[in-house]
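Note sheet for the following structure.
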There are 2 protein chains.
Amino acid sequence: MEYKERLKQFIQELKTGYLPSVSMDFVIFGFHEGQLKVLLLQWEGIHDWLLPGGRVRLNENLDDAAYRNLRERTGLGEVFLQQFHTFGNVIRNTYYAIEETLDRLGLSPEDLEGLPGRDVSVGYYALVEYTKVKPSPDLLTQEIRWCSIDEVPRLLFDHNEMITLALKTLRRQLSYQPIGYNLLPDKFTMPQLQQLYETILGQPLDRRNFQKRMLGYGILERLEERKAIGAHKAPYLYRFDMASYQNALAEERMFII
Amino acid sequence: MEYKERLKQFIQELKTGYLPSVSMDFVIFGFHEGQLKVLLLQWEGIHDWLLPGGRVRLNENLDDAAYRNLRERTGLGEVFLQQFHTFGNVIRNTYYAIEETLDRLGLSPEDLEGLPGRDVSVGYYALVEYTKVKPSPDLLTQEIRWCSIDEVPRLLFDHNEMITLALKTLRRQLSYQPIGYNLLPDKFTMPQLQQLYETILGQPLDRRNFQKRMLGYGILERLEERKAIGAHKAPYLYRFDMASYQNALAEERMFII
DNA sequence: TCAAAAGTGTTGCGTCTACACCCATGA
DNA sequence: TCATGGGTGTAGACGCAACACTTTTGA
C-alpha cells in the first residue's frame with residue numbers, strides 16, 4: 001500500500017530530522033463574506049478534520065519553524081503569526097483514542113517506536129487574507145479547506161480547544177492592536193472593517209462611534225471614492241498607514257473597542 | 001570527582017525519564033519590603049545565576065510538571081502559576097557559548113550525546129507569597145535566593161529576556177485579574193496592596209482613587225483594626241473574598257488600573 | 001421618488017482624576 | 001502636641017455611548 005509506505009517514510013524523517021516531542025498547530029483565521037473562518041485539513045484515510053500543524057527542525061528557531069510551516073500550508077509569508085499557548089496534556093486526544101487513530105491510518109504502535117509517545121504542541125494563530133491563500137496539502141493530507149468558525153466540526157485531538165483559546169486570545173488582542181489589516185484586502189471600506197470587528201467580537205457595534213474611534217487612532221488613510229455596491233451611497237476606501245501603524249504598535253497604544 | 005558523577009547520573013535520567021527537547025523555566029515573583037523579587041539559583045561550579053527550571057516526565061501533563069517542579073523549588077503547592085511564552089530559539093544562550101558552559105561544568109560534549117542539542121522551553125510565571133517560600137536546592141544547585149527585580153544580574157541563557165517578558169505579561173494581566181492576593185499574606189492593609197500594585201506597575205498611584213477602585217470591585221472584605229505600625233493611625237486589614245473573587249474571574253470582569 | 005446604506009456632529013451621562021481635610025497614634 | 005500616615009468625599013474634566021438627519025445611488 002503506497003500510502004502506508006509514504007507514511008512510514010514520513011515517520012522515519014520525523015525521527016531524524018526534527019525535534020522529538022515538540023510540535024506546533026495553527027489556527028489560521030481568514031475573513032470572507034462576513035464570516036470568520038479557520039483552515040482545516042483532513043488526513044488521508046481518516047474522515048475527521050484537524051488543524052494544520054508542523055514540526056521544528058533540529059537547527060531551526062521555533063518561530064522560524066512556524067513561518068516555514070505556515071508558508072508550506074498557505075503559500076503566505078507575510079502574515080500576522082503569534083504564539084498563544086502551549087498544549088501539553090498527555091491525552092490531548094479527547095475524541096478518538098490514539099490506538100483507534102493509528103488503526104485508521106493503517107499503522108501499528110511498532111511503527112512509532114523510537115518516537116516519544118506524545119508531543120507538547122505550541123499553538124500559533126495566524127491572520128491571513130482569505131483571497132491570497134492557496135492551501136497546499138502535504139504528504140498526509142487529503143483535503144484542506146476553510147471552515148466557518150461557528151460550523152467547525154468535532155476535530156481530532158484537542159484541536160477544538162485550541163480554536164476556542166485562539167479566538168479568545170484574538171478577541172483580547174484586538175484591544176491592544178488594530179489587527180484588522182491582516183485579514184482585509186489592502187483597500188477596504190469602513191463598513192468592511194466594522195463587519196470584521198463585529199464578527200471577531202461577536203457583537204454589533206455603533207457605526208458612528210466605530211468610525212470615529214478608528215479614525216481617531218490615526219492609522220488609516222482615506223483614499224478616493226468607490227462605487228459598485230448596489231443602490232447606495234458609495235463608501236470611501238481606506239488603507240492602513242503602515243508608518244503610523246508601526247508607530248502605534250511600538251508605543252503599545254491601546255485600541256479599546 | 002563526586003559532583004561530576006552526580007551530574008552524569010542526572011543527565012542519564014534526563015535521557016530516559018523525561019521528554020526530550022522540552023524544558024520549562026520559572027519566573028517566580030515574590031513581594032517583600034516593597035520590592036518585587038524573583039527567585040534565582042546558581043549551579044554548582046558556575047558563578048552565574050539563572051532561573052529555576054524543570055523537565056516534563058514522559059507521562060506527565062505539562063501543567064502538572066510545572067506545579068511539580070515549582071513545588072520542588074519553593075515547597076509551595078497552591079500558587080498562581082501561568083504559562084506566558086514558549087522560547088524556542090536555537091541559540092537561547094546569549095551570554096556564554098554552550099561549550100564554555102559545559103567546560104565550566106566539567107563536562108565534554110560527549111557526555112550529552114543522545115540528548116537533542118537544544119530545548120524548547122515553556123516559560124511560566126508564578127506569584128508566591130514571599131514568606132511561605134522555602135527555597136530548596138536540587139542536585140545541581142549550589143545556591144538559591146531571592147533577587148530584587150531591578151538588581152537582576154546578567155543570567156545564563158535567555159533568562160533575562162524571560163524575566164522581562166514575564167513582567168510585561170504580569171503587568172498586562174494585572175488589568176484583567178486582581179492578582180494581588182497571591183503575593184500578599186492572607187490579611188493585608190490597603191497601603192500594602194497599593195504598594196504591591198505600584199511596584200509591579202512601576203508607577204505611583206493615587207491613594208484615594210486606588211482604594212475606591214479596589215473596594216468598588218467588591219472582592220475585598222474588611223476586617224477589624226490593626227495597630228502596630230508605628231506612630232500612625234492603624235490601617236484596616238482586608239482579606240480577599242474568595243467567592244466574589246472567583247465570580248469576578250469567571251465573568252472576566254476587567255480590573256483596570 | 002423611494003429604499004437602502006454611508007457620511008457626519010452633538011448632547012448627556014457616567015467614570016476617572018485631581019485634590020484637601022480630618023483622624024488616630026506613638027514619640 | 002506634633003509628625004506621620006490612614007481614612008474619606010467632592011468638583012471638574014474627559015471620554016464614551018446614545019442618538020438623527022442628510023447624502024448618494026440604482027431601481
Side-chain angles (χ1 to χ4, degrees), chain A residues 33-34 171 174-176 178 180 184-185 187-199 201-239 248 251-257, chain B residues 33-34 171 174-176 178 180 184-185 187-199 201-239 248 251-257:
Chain A
E33 290 175 349
R171 283 183 176 153
L174 213 55
S175 308
Y176 290 102
L184 292 172
K187 300 175 180 185
F188 53 89
T189 68
M190 196 55 78
Q192 273 181 294
L193 183 61
Q194 181 177 347
Q195 194 185 34
L196 172 63
Y197 270 74
E198 287 178 337
T199 305
L201 295 173
Q203 55 173 273
L205 301 168
D206 183 273
R207 207 160 46 89
R208 305 159 277 225
N209 294 334
F210 180 82
Q211 176 149 183
K212 236 178 300 170
R213 215 166 340 184
M214 282 297 152
L215 294 180
Y217 298 146
I219 55 172
L220 294 181
E221 180 189 359
R222 178 187 276 190
L223 307 174
E224 79 293 355
E225 283 270 324
R226 144 171 161 172
K227 24 190 184 282
I229 359 178
H232 324 298
K233 183 167 182 175
Y236 288 107
L237 281 173
Y238 292 86
R239 178 199 290 154
E251 288 175 27
E252 302 207 21
R253 257 193 260 151
M254 280 267 271
F255 294 86
I256 297 178
I257 284 297
Chain B
E33 291 176 347
R171 284 184 175 151
L174 212 55
S175 309
Y176 289 103
L184 292 172
K187 300 174 178 185
F188 53 88
T189 68
M190 196 57 78
Q192 273 180 295
L193 183 62
Q194 181 177 347
Q195 195 186 32
L196 172 64
Y197 270 75
E198 287 179 337
T199 305
L201 294 173
Q203 55 174 271
L205 301 168
D206 183 274
R207 205 159 49 90
R208 304 159 276 226
N209 295 335
F210 180 81
Q211 176 149 185
K212 237 178 299 170
R213 216 167 338 184
M214 281 298 152
L215 294 179
Y217 297 145
I219 56 172
L220 294 181
E221 180 190 357
R222 178 186 277 190
L223 308 174
E224 78 294 356
E225 285 269 326
R226 143 170 160 172
K227 23 189 184 280
I229 1 178
H232 326 299
K233 183 168 182 177
Y236 289 106
L237 281 173
Y238 292 87
R239 177 199 291 153
E251 287 175 26
E252 302 207 22
R253 257 192 261 150
M254 281 267 271
F255 295 86
I256 298 178
I257 286 297

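A note on names: the letters A, B, ... follow the listed sequences, proteins ahead of strands, and every chain is numbered from 1.
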* **Worked check of side chain to side chain contact (heavy atoms under 4.5 Å, CB included) between B/Asn209 and B/Lys212** => CA-CA 5 Å; B/Asn209 295 335; B/Lys212 237 178 299 170; 3.2 Å; yes
* Asked: Atom CE of B/Met214 and atom P of C/dC16: how far apart are they, to the nearest Å?
  -> 12 Å
* Asked: So which heavy atom on B/Thr199 is nearest to which on B/Gly34, and how close?
  -> OG1-O, 3.5 Å
Please tabulate, one pair per line, each protein N/O and nucleotide N/O from nucleotides 9-12 of chain D that are separated by under 3.5 Å, including the distance.
residue : atom : partner  : partner atom : Å
D/dT10  : O4   : B/Lys212 : NZ           : 2.9

* Position toward the 5' end of DNA chain D (nearest nucleotide), B/Leu237 or A/Arg207 -> B/Leu237
* **Residues B/Tyr238, B/Leu193; criterion side chain to side chain contact (heavy atoms under 4.5 Å, CB included); working and verdict** => CA-CA 9 Å; B/Tyr238 292 87; B/Leu193 183 62; over 6 Å; no
* To do: Please report, rounded to the nearest Å, how far the P atom of C/dA6 is from the NE2 atom of A/His232.
  => 7 Å
* Return the minimal non-hydrogen interatomic distance between A/Tyr236 and A/Leu223, and the atom names on each side. => CD2-O, 4.0 Å
* **Spacing between B/Leu205 atom CG and C/dA18 atom P, to the nearest angstrom** => 11 Å
* Structure fact -> Whole-Å distance, A/Tyr236 OH to D/dT23 C1', equals 10 Å
* **Value in whole Å for how far the P atom of D/dA17 lies from CD of A/Gln203** => 10 Å
* Listed partners of A/Arg239 passing salt bridge (charged side-chain N to carboxylate O under 4.0 Å, His left out), at least two apart -> A/Glu221
* Mind calculating the distance between CD (B/Gln194) and P (D/dG7) to the nearest angstrom? => 10 Å
* Any A/Gln211 side-chain N or O less than 4.0 Å from OP1/OP2 of C/dA6 -> no
* Structure fact -> Regarding the side chain of A/Arg213, the nearest nucleotide among C/dA6, C/dT17, D/dA17 is D/dA17
* Asked: Within the pair B/Arg222 and D/dG6, is there a side-chain N or O less than 4.0 Å away from OP1 or OP2?
  -> no
* Structure fact -> What one should report as the nearest heavy-atom pair of A/Thr189 and A/Gln192 is N-OE1, 2.9 Å
* Between C/dA5 (C1') and A/Gln195 (CD): distance, integer Å -> 13 Å
* Asked: How far apart are the closest heavy atoms of A/Arg207 and A/Gln194, and which atoms are they?
  -> CA-OE1, 3.5 Å
* To do: Could you state the atom-to-atom distance from CE of B/Met190 to C1' of C/dA24 in whole Å?
  => 18 Å
